[in-house]
Each structure stands twice: as C-alpha cells, then as structure tokens.
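Report on the following structure.
The residues of the chain are indexed from 1 along the displayed sequence. Values in this document were obtained by computation on a predicted structure and should not be read as measured data.
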Amino acid sequence: LFRSRLIASLVVGGNSATSANGDSRKLRTPEDRERFLALRAAPEISLILVGGQSERIEPYRSAPHPIAIFSRDRIGEILSMRSYIERVKLDFPGTILCEGGVTLIHLLLREDLIDCAFISRVPMAGDGHFLDENLLREKLVCISSETLNQTTFEKYERASR
C-alpha cells in the first residue's frame, strides 16, 4: 500500500484553514472521516506522529498505533526535525503517519521529510492554522485527485524523487 516512510494526512478547508474553532474535527466530512480512519488503521503504519498542540486538542487516547509527540518545548533546540525523525524511525521501523497540525507539517515539508501526503479538501471555511499552499506545491507534487460528494481527495508525493 505505502512505499513511503513518512506520510501526512490533513483536512483543509475551502480557505486553506486546517481548523475551525481550534480543531480539525469541525472541518471533517463523512467521506473524509472514513478515509482518515482507514488510513490510520492500515497495518503498514507503525507510529502516529502529532505535534504538541494537536495532542492537547485532538482525541488520541483511542489511536490504533503508538503516538509520538513532537514539541519544540520537549525536544529543545538541540535536536533538528530531521534528527528527531531519524531517531523515531529507529524505534518504529515502517511507515510513520503524521496527523500533526499544519505547524508540524510545515516543519516536515521544509526539511523534505514527507514522502507522501493525503490532503482532504472540504468546502467549509475554517478560521485558523492555514496551510502554506506554496510550500506544499514546492515540496510535493499532486499525483491524483478525486472528488466524492463535496470532498476532494488529493495525493501528493515528494517532488525531489
């Protein structure tokens, strides 16, 4: 199913926001929710990576895989994002699924660490945590897109391959 080592999943509103009233749940459609749950339950996933803010807001207690929380407060400035991911991969070989917020995804994109991204675009407008569309398209290439009801599912792969 996945050739990549680090994949990301993100729901994005019609105005590029990834949250509404503080979390992503208000942007999810039934179609997005179904695909999100199937992706996170995939047997290839060895770990779910989230940011500190996502961990505080989103319900991760019932996740089907171990959770790693990346927080600059906890990691400190000594460890780069690349070093952190390399360490995590040593402990959790296989595919890492980043469900982190857009701040974490931007950090991963800047360092070319995302191999594949699944973006669900929904018509609702959010009010915060905006996706940097230019950064996304600079680092990843959209290889497929399909629309189901009012949700468009886009799959991206690393542009530098």
Task: Check against side-chain contact (heavy atoms from CB on, under 4.5 Å), Arg82 and Leu113 - done: CA-CA 7 Å; Arg82 183 169 300 281; Leu113 294 170; 3.2 Å; yes

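- By the criterion of side-chain heavy atoms lying less than 4.5 angstrom apart, applied directly or through intervening Ile, Leu, Val, Met, Phe, Trp or Tyr residues, Leu135 is not grouped with Val11; the two fall into different hydrophobic clusters.
- A salt bridge is absent between Asp112 and Arg158; no separation between the charged side-chain nitrogens and carboxylate oxygens falls under 4.0 Å.
- Side chains of Ser46 and His65 form no contact here, defined as non-hydrogen atoms less than 4.5 Å apart.
- Closest heavy-atom contact between Leu90 and Pro93: O-CD, 4.1 Å.
- Between Ser120 and Phe36, the closest side-chain pair of non-hydrogen atoms is not below 4.5 Å.
- In the hydrophobic cluster analysis, where Ile, Leu, Val, Met, Phe, Trp and Tyr join through side-chain heavy atoms closer than 4.5 angstrom, Ile96 is grouped together with Tyr84.
- In this structure, Lys139 NZ and Glu111 CD are separated by 9.5 Å, a value rounded to the nearest 0.5 Å.
- Counting heavy atoms from C-beta outward, Glu157 and Val141 have side chains that stay 4.5 Å or more apart.
- Residue Leu104 is grouped with residue Val88 when hydrophobic side chains (ILVMFWY) are merged at heavy-atom distances under 4.5 angstrom, including chains of intermediate members.
- Residue Glu138 places its CD atom among more than 12 non-hydrogen atoms of other residues, nucleotides or ligands, all under 6.0 Å distant.
- For the pair Met81/Leu108, a side-chain contact is recorded, criterion being any heavy-atom separation below 4.5 Å from C-beta on.
- Using modelled atom types, one side-chain atom of Asp132 and one backbone atom of Asn134 make a donor-acceptor pair closer than 3.5 Å.
- Residues Thr29 and Asn149 fail the side-chain proximity criterion, which asks for heavy atoms closer than 4.5 Å.
- Residues Ile119 and Leu148 are members of separate hydrophobic clusters, defined by side-chain heavy-atom contacts under 4.5 angstrom among Ile, Leu, Val, Met, Phe, Trp and Tyr.
- When every heavy atom of Arg5 is checked against every heavy atom of Gly94, the shortest pair comes out as NH1-N, 3.3 Å.
- Considering all non-hydrogen atoms of both residues, Ala8 and Ile114 come closest at CB-CD1, 4.0 Å.
- Side-chain atoms of Ser19 and Ser24 form no donor-acceptor pair, as typed in the model, at a separation below 3.5 Å.
- A donor-acceptor contact shorter than 3.5 Å is absent between the side chain of Thr18 and the backbone of Leu131.
- Leu140 and Ala117 make their closest contact through CD1-CB, 3.7 Å (heavy atoms, listed as atom of the first residue, atom of the second, distance).
- Without hydrogens or angle criteria, His129 side chain to Gly101 main chain gives no donor-acceptor distance under 3.5 Å.
- How far OG1 of Thr151 is from CZ of Arg28: 10.5 Å, rounded to the nearest 0.5 Å.
- Judged by distance alone, the side chains of Thr152 and Thr147 do bring a donor and an acceptor atom under 3.5 Å apart.
- With hydrophobic clusters built from ILVMFWY side chains whose heavy atoms lie under 4.5 angstrom apart, Leu136 shares a cluster with Ile105.
- The backbone N or O of Leu6 sits less than 3.5 Å from a side-chain atom of Asp115, completing a donor-acceptor pair.
- Counting only heavy atoms from C-beta outward, the side chains of Ile67 and Val50 approach each other to under 4.5 Å.
- Between the Asn15 side chain and the Ala125 main chain, no donor and acceptor come within less than 3.5 Å of each other.
- Here CZ of Arg25 is found 9.0 Å from CZ of Arg33. Values are rounded to the nearest 0.5 Å.
- Rounding to the nearest 0.5 Å places CD1 of Ile45 at 9.5 Å from CG of Leu47.
- Of all the heavy atoms in Ser9 and Leu97, the pair that sits closest is CB-CD1, 4.1 Å.
- The closest side-chain heavy-atom distance from Val102 to Phe130 is not below 4.5 Å.
- With a 4.5 Å cut-off on side-chain heavy atoms, Arg121 and Phe153 do not count as touching.
- Of all heavy-atom pairs between Ala20 and Gly126, the closest is CB-CA, 4.2 Å.
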TODO: Please lay out, stage by stage, how Ile85 and Leu49 fare under the test side-chain contact (heavy atoms from CB on, under 4.5 Å).
DONE: CA-CA 10 Å; Ile85 294 299; Leu49 175 65; 3.7 Å; yes

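- Glu146 has a carboxylate O that lies under 4.0 Å from a charged side-chain N of Arg35, or vice versa, which qualifies the two as a salt bridge.
- Looking at Tyr156 and Glu154, their side chains do bring a donor and an acceptor atom within 3.5 Å of each other.
- Atom CD of Glu133 has more than 12 heavy atoms from other residues, nucleotides or ligands within 6.0 Å.
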